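Notes follow once the structure below has been shown.
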Amino acid sequence: MKTNLSSQIKLDRIPRKYYDPQSEIEFTALTREEKVYTRIFETAADGSKYIAENVVKYIKRYVSEKGKCVLALGAGVSTHSVYSELIKMHRDGVVNFNDVIVYNISEFFPLVENGPCTLKRLKEVFLDHINIKPENIHTIDPAVTKEDMYEYCKAYEKSIADEGGIDITICEIGPQGTLAFNEPGSAASSLCRLVLLGSETRHNISSDYNCENVPTTAITLGISNLLSARRVMNMAWGENRAAIIKKTVEEPASTAMPASFIQNHPHVKVVVDLPAAEDLTRISQPWKVTSCEWNDKLIRRAIVWLCEMTGKPILKLTDKDYKDWGLGELLALYGSAYSVNIKIFNDLQHTITGWPGGKPNADDTYRPERAKPYPKRVIVFSPHPDDDVISMGGTLKRLVDQKHDVHVAYETSGNIAVGDEDMMRYFLMMDKIAPMYGFKTDGYDNLSNGVRDFVAQKKAGDMDSSEIREIKTMIRQAEATIACNYIGVKPQNIHFLRLPFYETGTIKKGELSEADIERVKALLEEVKPQQIFVAGDLADPHGTHRVCTDAVLAALYELRNEKWMDDCRIWMYRGAWAEWEIDHIEMAVPISPEELRFKRNSILKHQSQMENAPFLGDDDRLFWQRAEDRNRATAQLYESLGLASYEAMEAFVEYHPIRD
């Protein structure tokens, strides 16, 4: 069972030489824009193993030299996979933690009931699973008073100094470029202190710890404390950290990006996976640092960048522009700017189509989708019950209007995203109509009273009862059904898969299992689609999109030898959390002003996800606003390159299944 095929989405377009050079000379050339030693791995699992191996090497060295090793540990989500590797190595007898001393780098202040606690998290994910002595675990005392805070912080620093200082600091590079709880504005000289947590940090904590009652302050070791260590190991995983890694590694150190101060440390390593590295120069603009392995997508990326730098559309670029901006290699390959310009202009032009399912009885040589068969059997997989309309509502409407047999499969119930107020609105209505229409029974009264009592007594972080989760599931399903009816999807073609991994009742979900994949396979085998749309929007902060995508790709892999798979194309969409870069877009579906309004209306059918939607992430815009802004931005980019002007566009990238 292959359960991590979504990681292949990045690998098929980044040559290994850019992220894993085979010689020091190549590495030096590629990384000349980087001010920190940075290692890029294909997956977070590979990167975590590398960090763990380094930590074990240093532990053995320092224990051998001075009888102990002092670790300063962070509890951020990115560190958890590293700790898992260390636990595994401990169980395999590779490392002994008997002579290891641990200092917790931060703690919430004050600790609140049912609130987050970094020490508790560290114990859960690491310390309780190794042979460290309890007396060797040091943490910040959250019971200290504000009046004694200064002296206490000095005492905590002295305790570290009395142990000979920190040998290894292990912490993630946070969403705003934070180290521990050193928020933007923290100085390189900052020491252990009480800090105010920003709203974005508190939002992320609420998500990571599955709680709502997050303190506004915390105690943290300062930048100076963390970087006093002999070795510093930092990590970040996922494309939502790409911009932060770019600023941390390549841009000048500043208080606006606290993690950037690691540039001043002589023995620091930043370890990232490919998605987190995608904004680094050697990945995003390799022509600046090396001789490139030019392919169509990289040429397109370079030309789009050149248009941005010069302010010109594609067909106005000159030989001088190419030479002035370091793209002379392309002139050598194609002979002239004109030849390159025409090639890329035509490539982009051919991505545009008003027929996302293929245009019947048309020459499809240069169209993104084939003309036959027509009509096609289509499945749109939607991780949550609104991702279909948010990400590809215009295309979905086109497919229906163009007479394709369109199925929509909602992979999860989405019930945790329904607020209690939205649920109670239905009970307020039903309580009034129940006696009018004869269904005010003991059963209904027990349900209504039970729900009211539960909500009244519910505390932050409490899991909903099974009855409430079921009711919230019904709300999401009803909204999705109304949206599908509005678009014109046949009622019998609406599928609610309710994948088991999601049904934990909490933000933290289970692991992808065979049971999830079997549900997806059953639908695929029933429909035998000729076209599939699947979420490629892997920046979802809660990871649900990634797991849902992995479920579909795993099912397709297991069905790879089925005859109908030979005639099936798979398209990946984005929209809720990010958009495809133009150099990767293979199908762009124009949306008129009227169609964009229709798409907005279809999103608004999901009423529980409007103003009160609890999981909007770091983006304050509502989902319909994000979708419109991104769709318009894509159309404007095409226009700036000299192509036709449209109101908006939805973009897609083809996924090629693994066949081995």
Side-chain angles (χ1 to χ4, degrees), residues 296-297 300 303-304 313-315 342-381 388-408 487-489 529-537 567-575 579-596 598-599 602 627-628 630-656:
D296 288 348
K297 288 184 178 179
R300 193 196 297 184
I303 302 314
V304 170
I314 295 173
L315 296 179
I342 286 293
K343 170 182 170 49
I344 298 305
F345 183 87
N346 287 337
D347 284 351
L348 285 169
Q349 182 68 49
H350 294 153
T351 65
I352 302 172
T353 180
W355 294 81
K359 187 174 184 179
N361 304 315
D363 181 0
D364 59 10
T365 305
Y366 297 110
R367 291 180 175 273
E369 253 296 355
R370 61 215 187 280
K372 296 181 179 180
Y374 177 83
K376 291 181 175 65
R377 296 185 300 276
V378 181
I379 299 181
V380 176
F381 283 98
D388 54 332
V389 288
I390 290 171
S391 300
M392 53 171 292
T395 301
L396 183 56
K397 177 65 172 170
R398 286 278 182 97
L399 290 166
V400 171
D401 289 348
Q402 291 167 3
K403 308 304 181 184
H404 296 285
D405 183 25
V406 180
H407 295 250
V408 180
I487 290 169
V489 178
Q530 289 130 347
Q531 192 180 43
I532 294 171
F533 291 87
V534 63
D537 205 345
D567 196 30
C568 181
R569 286 193 185 175
I570 303 152
W571 294 98
M572 298 182 294
Y573 61 77
R574 287 184 170 182
E579 185 53 276
W580 293 112
E581 306 91 337
I582 194 169
D583 45 306
H584 302 306
I585 294 173
E586 294 170 291
M587 179 163 67
V589 180
I591 304 175
S592 69
E594 292 78 14
E595 289 171 324
L596 194 61
F598 188 95
K599 174 176 177 174
S602 66
E628 289 192 7
R630 290 183 178 126
N631 294 161
R632 284 195 174 104
T634 301
Q636 288 165 5
L637 183 52
Y638 269 80
E639 181 181 357
S640 71
L641 296 173
L643 289 106
S645 177
Y646 295 100
E647 177 70 14
M649 282 180 162
E650 291 175 339
F652 303 86
V653 172
E654 187 176 1
Y655 175 80
H656 299 279

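Note that the structure is a prediction, hence the values are computed from the model and not measured. In this chain, numbering begins with 1 at the start of the sequence shown.
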Determine whether [X] and [Y] make a side-chain contact, defined as any pair of heavy atoms from C-beta on separated by less than 4.5 Å.
X      : Y      : value
Ile344 : Asp296 : no
Ile487 : Phe598 : yes
Thr351 : Phe652 : no
Ile570 : Val534 : yes
Trp571 : Gln531 : yes
Leu399 : Pro356 : yes
Arg398 : Met392 : no
Glu647 : Ser592 : no

Under a 4.0 Å threshold between the charged nitrogen and the carboxylate oxygen, would Asp347 count as salt-bridged to Lys343? yes

Taking Asp567 first and then Arg377, would you say they form a salt bridge - that is, a charged N and a carboxylate O separated by under 4.0 Å? no

Please answer whether the main-chain N or O of [Y] pairs with a side-chain N or O of [X] as donor and acceptor at a distance below 3.5 Å.
X      : Y      : result
Asp405 : Lys376 : no
Arg300 : Ile582 : yes
Lys599 : Ile390 : yes
Arg630 : Trp580 : no
Glu650 : Gly394 : yes
Glu595 : Ala648 : no

Atom pair [atom1] ([X]) and [atom2] ([Y]), whose distance is rounded to the nearest 0.5 Å:
X      : Y      : atom1 : atom2 : result
Gln636 : Asn631 : CD    : CG    : 11.0 Å
Met649 : Ile352 : CE    : CD1   : 4.0 Å
Phe533 : Leu396 : CZ    : CG    : 9.0 Å
Glu654 : Met572 : CD    : CE    : 9.0 Å
Tyr638 : Ile585 : OH    : CD1   : 4.5 Å
Lys372 : Lys359 : NZ    : NZ    : 15.0 Å

Shortest non-hydrogen contact between [X] and [Y], atoms and distance:
X      : Y      : result
Pro590 : Tyr646 : CB-CD2, 3.5 Å
Lys403 : Pro375 : O-CB, 3.1 Å
Leu348 : Leu643 : C-CD2, 3.9 Å
Ile591 : Leu596 : CG2-N, 3.4 Å
Ile532 : Cys568 : CD1-SG, 3.6 Å

Listed partners of Glu579 passing side chain to side chain donor-acceptor pair (under 3.5 Å), at least two apart: none

